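Data block below; observations after.
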Amino acid sequence: MKFNIKGLNVNVSEKMRQRIEKKLGKLEKLFDEDVTVNVTLSTQKDLRTIEVTVPIRGGLLRAEESTDDFYTTLDTVQALIERQLRRHKTKLMDRTKCSETFESMFGIDDDDIYDEEVIKIEKVKKFDFKPMDPEEACLQMDLLGHSFFVFKDAETNETCVVYKRKNGTYGLITPED
């Protein structure tokens, strides 16, 4: 397991690097292959934020948490990544109905598969996409009171998503070319 640790608006001390490697290193047993864990520490006013991304076959595990203390935040982020990995494992097991595939990918026993809740889709909505620009999509999202909005970009004719970020700004998700 390799670590890529960087700080935004904060200097990452050697003690903090060791703490991150020790805490997230516990997850190494859940991965069979050599993975790179990207950790970004940032600070904004009184909030200490840690963002962790782990690329895996078939997806990306990502967790971001903010508290007033980096050590508390690190504990929470580690638990979130572990939970996401277990969910991903459950999803793969349901899809393939074969534990050998997952074990070969991650090297995890079958005992821990069903300890998380099953994802249940409760409601399905269908709607027509109206071509619009991202700014108009943000206005529509705010009018509806939603935290995200799916739309068709008027310029590229691609399906895109705008979303409201925790800090009050907006984000745009577009497909790769």
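Because the structure is a prediction, the values reported are computed rather than measured.
- In terms of heavy-atom proximity, F151 sits nearest to V162 at CE2-CG1, 3.6 Å.
- For N167 and T169, the side-chain atoms include at least one donor-acceptor pair closer than 3.5 Å.
- Linking ILVMFWY side-chain heavy atoms closer than 4.5 Å, directly or via other members, places F3 and V35 in a single hydrophobic cluster.
- In this structure, NZ in K120 is found 6.0 Å from CD in E122, a value given to the nearest 0.5 Å.
- Contact detail for F70 and V10: the closest heavy-atom pair is CE1-CG2, 4.1 Å.
- For the atom pair OG (S66) and CG (D46), the distance works out to 12.0 Å, reported to the nearest 0.5 Å.
- Using a 4.5 Å heavy-atom cutoff, the side chains of T49 and E64 are in contact.
- Other residues, nucleotides and ligands contribute over 12 non-hydrogen atoms within 6.0 Å of the NZ atom of K166.
- One hydrophobic cluster, built from ILVMFWY side chains closer than 4.5 Å, cannot hold both L80 and I50; they sit in different ones.
- Separation of atoms CD (E51) and CG (L8) is listed at 8.5 Å; rounding is to 0.5 Å.
- Here the CG-CD distance, from D153 to E155, works out to 6.0 Å after rounding to the nearest 0.5 Å.
- Put simply, the side chain of K164 does not reach to within 4.5 Å of the side chain of F149, judged on heavy atoms.
- Here the closest non-hydrogen pair linking T53 and R62 is CG2-CG, 3.6 Å.
- Residue-environment remark: CG (D69) exceeds the threshold of 12 foreign heavy atoms within 6.0 Å.
- Counting only distance, with no hydrogens or angles, the side chain of T76 and the backbone of T72 share a donor-acceptor pair below 3.5 Å.
- When all heavy atoms of L172 and C160 are compared, the closest pair comes out as CD1-CB, 4.1 Å.
- M141 and Y170 get closest at one heavy-atom pair: CE-CE2, 3.2 Å.
- Just one residue in the list L24, L74, N4 forms a side-chain contact (heavy atoms from CB on, under 4.5 Å) with V39, and that residue is L24.
- Residues N157 and K152 meet the side-chain proximity criterion, which asks for heavy atoms closer than 4.5 Å.
- V77 is connected to Y71 through a chain of hydrophobic side-chain contacts under 4.5 Å among Ile, Leu, Val, Met, Phe, Trp and Tyr, so both are in one cluster.
- Within the 4.5 Å cutoff, no side-chain heavy atoms of L47 are placed close to those of D68.
- Of the inter-residue distances, the one linking Q18 atom CD with K15 atom NZ reads 9.5 Å to the nearest 0.5 angstrom.
- What you find for V150 and T159 is that their closest heavy atoms are CG1-CG2, 3.8 Å.
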Quiz item: Yes or no on salt bridge (charged side-chain N to carboxylate O under 4.0 Å, His left out) for D75 and K23, after CA distance, side-chain angles and deciding distance?
Solution: CA-CA 8 Å; D75 292 341; K23 193 74 172 170; 3.1 Å; yes
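- For the residue pair R48 and T43, a side-chain donor N or O sits within less than 3.5 Å of a side-chain acceptor on the partner.
- Other residues, nucleotides and ligands contribute only 12 or fewer heavy atoms inside 6.0 Å of the CZ atom of F148.
- Taking 4.5 Å as the limit, some side-chain heavy atom of L41 sits within range of a side-chain heavy atom of I5.
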